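Predicted model only: the values in this text are computed from it and were never measured. For the single chain, residues carry numbers from 1 onward in sequence order.
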Amino acid sequence: MVSIKGEIVMLYAKSNPEETIKKHTQELLKNLEILKEIYGEEIENNQHFEKERFWELLKMICIYHDIGKVYTPFQNEIRKKIGLEEIKTEFNYKEIKHEQLSPLFIPTVKLELTKEEKKIVYQAIFYHHERKNSEVSEELVQKIIEKDILPRIDELEEELEIELNQSPKRNYLNKVRAIERIHQKDKYYKEYCLLKGLLHRLDHSSSAHIPIENEEKQKLDEQTKAFMKLSRYQLNDLQKFTYHNNHKNIVVIGSTGMGKTESALLWSKSSKTFFTLPIRISINAIYDRIKEKIGYEDVGLLHSTALDYLDEKQEFENEEIIYEQTRNLSKRITTCTVDQIFPFVFKYKGYEKIYATLSYSKVIIDEVQAYSPEIVAIILKGLQMIHKMGGKFMIMTATLPRIYKEKLEEMGIEFEYQKFIKPTNRHKIKLEDKKLEDDLEKIVEKGEKEKVLIIVNTVDKAIEIFQKIKKKTTKVKLLHSRFIQKDRNEKEKQIKIFSNNRDEKGIWITTQIVEASLDIDFDNLYTEVSTLDSLFQRLGRCYRSREYKGNETNVHIYTKEPTGVGKNNVYNPEIVKKGTKMLENYDGEILKEEDKILLVDELYSEQCLKGTDFLNDFKESMRVLDCVIDYDLDKKEAQKLLRNIDSVTVIPKKNYEENITLFERYEQEKNYKNKHELKRKIKKLTTTISRKKAEILKEYISEIPYLERKEKIVCMDLKYDKESGLMLQVDKNYEIEERFCD
């Protein structure tokens, strides 16, 4: 405790009355020791600083990062929140923030900071909140120093048990601002990113009262091998290759059913790892596989609805703690979508947190060909940046566009490359020069005897096909992205259960959301034509790892007027046309695994792509990423650019009115935790549509009065049911019911 204006007071760091500045700092230092113990060796590699000096600087930054909170107006902000009387002062907290004051307390001479070290330490602390602060005059800083800080400097030293600068200079703030922010051309850029990024990690973890890293004794590669032994699996050539090259960057092509997940985990060994996939349903499946089947405990799940998924599994009483640990990057392995980690390539304000973490981590990119060329450009740029910081990556995929491999080579990144192809014949294909709906009778008949999967390119087409087949049979179900979250989660469980049950017969209709790494296996596939990479992913959901010995075709590809193909649509028409032409040589024949790899390689060669929008988009994206301006964006803006999705979150009117009390409770609730829980329940009732479609249907959209504008959820007066999802047509029946109510 110290005295302010003659009053003995606590020095608070947070609105929790127990959280003093001293205690919060001690938490950071405790986490620092955990970090150093677990990953110290990896972090120390590839630096200009001596190892011990690096840790001294990080400790220094931790000790002084929040000292500015001794400023009386900050203490008053906390005192208001915890119901204590404010201390009289002539200063206002809006005029200057604690991170602007903290560096002036550092005794730079006694700590023997060099000019470069001082610059790094000052900037790491000054920008550890990355918010836009008001301009502050030298006169104000002088007054604060003379009237609020110096009169109690000795007491502060005694209370905080650290040395403070006894002669802070009034013009220090302007000197800090005058120095250009450290960027990638600076000699000590890596060290700055590490120190500032790790401060973010240490600060956030300590504030959340969780360890910065889990001290997991269980080794991922050993647990994976134990699982394989118990399941009587022998390591195949792919798995041996990844295990023996775990210290290198690797790019591998492997046939479906070769155990690529286990291969990635063996490569990961016991390193901190981020396992990425394009689609949430696939990420959920990988998370379940690692935690439940392989039995590795220290795994986290990170995507926009991860907490809801963990909650619905009802296997944890502490799912919020698990999610908080994952969100703070504490887990040994994190399964996630790329938008959770790769926005760092835009160097948004605070990007160093994830970038520093990736410098001592391994990153797995599964099914890279499933992303748009713009997103792949972001991923490749990210891998280049990770490589420069000392991190490692693995790209594993069933097929690999040649231009992506060539781009990695052009970037000067060293990696081991290998192909592993199963000789299993799985798919006998037939190109159908007609629309898929022309064969519904045949499809329904097949569905009476076997498992049938229909994949189309758009949600509207999926709903249309479902409604037509539903008139012919009850053995049909539908899955697409326009179900509300609650219903979609249930559908995703159902399709996996259906697929794994040998005795099940019937039809599932879906879109490309089942393409990437979803472990389902059907007997027959009927699909609209798409690009070859997408098409071959769809084939992976049929005879996933079984040998096909039948004489009939088990994959039908419909080429006439496919939906979702066109400029500014799901699939590039030039790429679809070229790929379809290539497939003509295999019409009515077995399409071997090696043929799939060679076809994608040829299709996505620069020569074949010359003059296409696809190649132009990829090259332009790479050019733009090479010219990113540091700190030009915030994190949300960067994530929006990476997701490349301009969507609107909607709740169907029927669902809204059935749950209106939930919205009323949300508006009235004052407790933050309870309000957050209510918001999660509301989000489960929503789905998304494109902003373009929302604009066309704007007359059916209305604001929800119980939500703040920042929630950005609107009510949509369109037909919705659990079988078909949201239909972008007027809900005629609902309108009739409404008139009767009037």
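Once rounded to the nearest 0.5 Å, the distance linking OG1 of Thr357 with CE of Met389 reads 9.5 Å. The CG atom of Asn249 sits 8.0 Å away from the CG atom of Leu383 when rounded to the nearest 0.5 Å. Rounded to the nearest 0.5 Å, atoms NZ (Lys23) and OG (Ser206) are 12.0 Å apart. Residue Leu277 holds its CG atom at 8.5 Å from OG1 of Thr335, rounded to the nearest 0.5 Å. Atom CD of Glu41 sits about 12.5 Å away from atom NZ of Lys36, to the nearest 0.5 Å. Here CG of Leu28 is found 11.0 Å from CD1 of Ile61. Values are rounded to the nearest 0.5 Å.
Exactly one residue among Tyr39, Tyr355, Phe274 makes a ring-ring contact (aromatic ring centres under 6.0 Å, His included) with Tyr360. That residue is Tyr39. Partner Arg53 forms a salt bridge (charged side-chain N to carboxylate O under 4.0 Å, His left out) with one of Glu191, Glu117, Glu116 and no other, that one being Glu117. Considering Val252, Asp366, Val363, Leu408 as possible partners of Ile395, the one that fulfils the side chain to side chain contact (heavy atoms under 4.5 Å, CB included) test is Leu408.
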Please test Lys196 against Glu130 for salt bridge (Lys or Arg N to Asp or Glu O under 4.0 Å), starting from the C-alpha separation and ending with a verdict. CA-CA 11 Å; Lys196 182 172 184 287; Glu130 289 289 6; 2.9 Å; yes

Would you check, one step at a time, whether the test side chain to side chain donor-acceptor pair (under 3.5 Å) holds for Gln75 with Glu77? CA-CA 5 Å; Gln75 291 300 310; Glu77 290 291 310; over 6 Å; no

Could you give me the CA-CA distance, side-chain angles and deciding distance for Lys22 and Glu159, then say whether salt bridge (Lys or Arg N to Asp or Glu O under 4.0 Å) is met? CA-CA 8 Å; Lys22 183 178 177 180; Glu159 168 64 18; 5.4 Å; no

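Under a 4.0 Å N-O distance rule, the pair Glu324/Arg327 qualifies as a salt bridge. Using a cutoff of 4.0 Å between basic side-chain nitrogens and carboxylate oxygens, Lys347 and Asp632 are not scored as salt-bridged. Ion pairing between a basic and an acidic side chain is recognised when a charged N comes within 4.0 Å of a carboxylate O; Asp66 and Lys69 show such pairing.
For Glu157, there are no salt bridge (Lys or Arg N to Asp or Glu O under 4.0 Å) partners at least two apart in sequence or on another chain. Applying the ring-ring contact (aromatic ring centres under 6.0 Å, His included) test to His65 and every residue at least two apart in sequence or in another chain returns His24, His128. Residues meeting the side-chain contact (heavy atoms from CB on, under 4.5 Å) test with Ala306, sequence neighbours left out: Leu301, His303, Tyr323.
Annotation for Lys349: atom NZ counts as buried by contact number, over 12 foreign heavy atoms lying within 6.0 Å.
Contact detail for Leu400 and Tyr404: the closest heavy-atom pair is CD1-CB, 4.4 Å. Shown here for Arg332 and Asn214, the closest heavy-atom pair between the two residues is NH2-O, 4.0 Å. Closest heavy-atom contact between Ala264 and Phe275: CB-CE1, 3.9 Å. Contact detail for Glu213 and Ser330: the closest heavy-atom pair is OE1-O, 3.5 Å.
In this structure, Lys405 forms a cation-pi arrangement with Tyr417, its terminal cationic atom sitting closer than 6.0 Å to the ring centre and no more than 45° off the ring axis. Remark: Lys190 fails to qualify as a cation-pi partner of Tyr192 under the 6.0 Å distance and 45° angle criteria applied to the six-membered ring.
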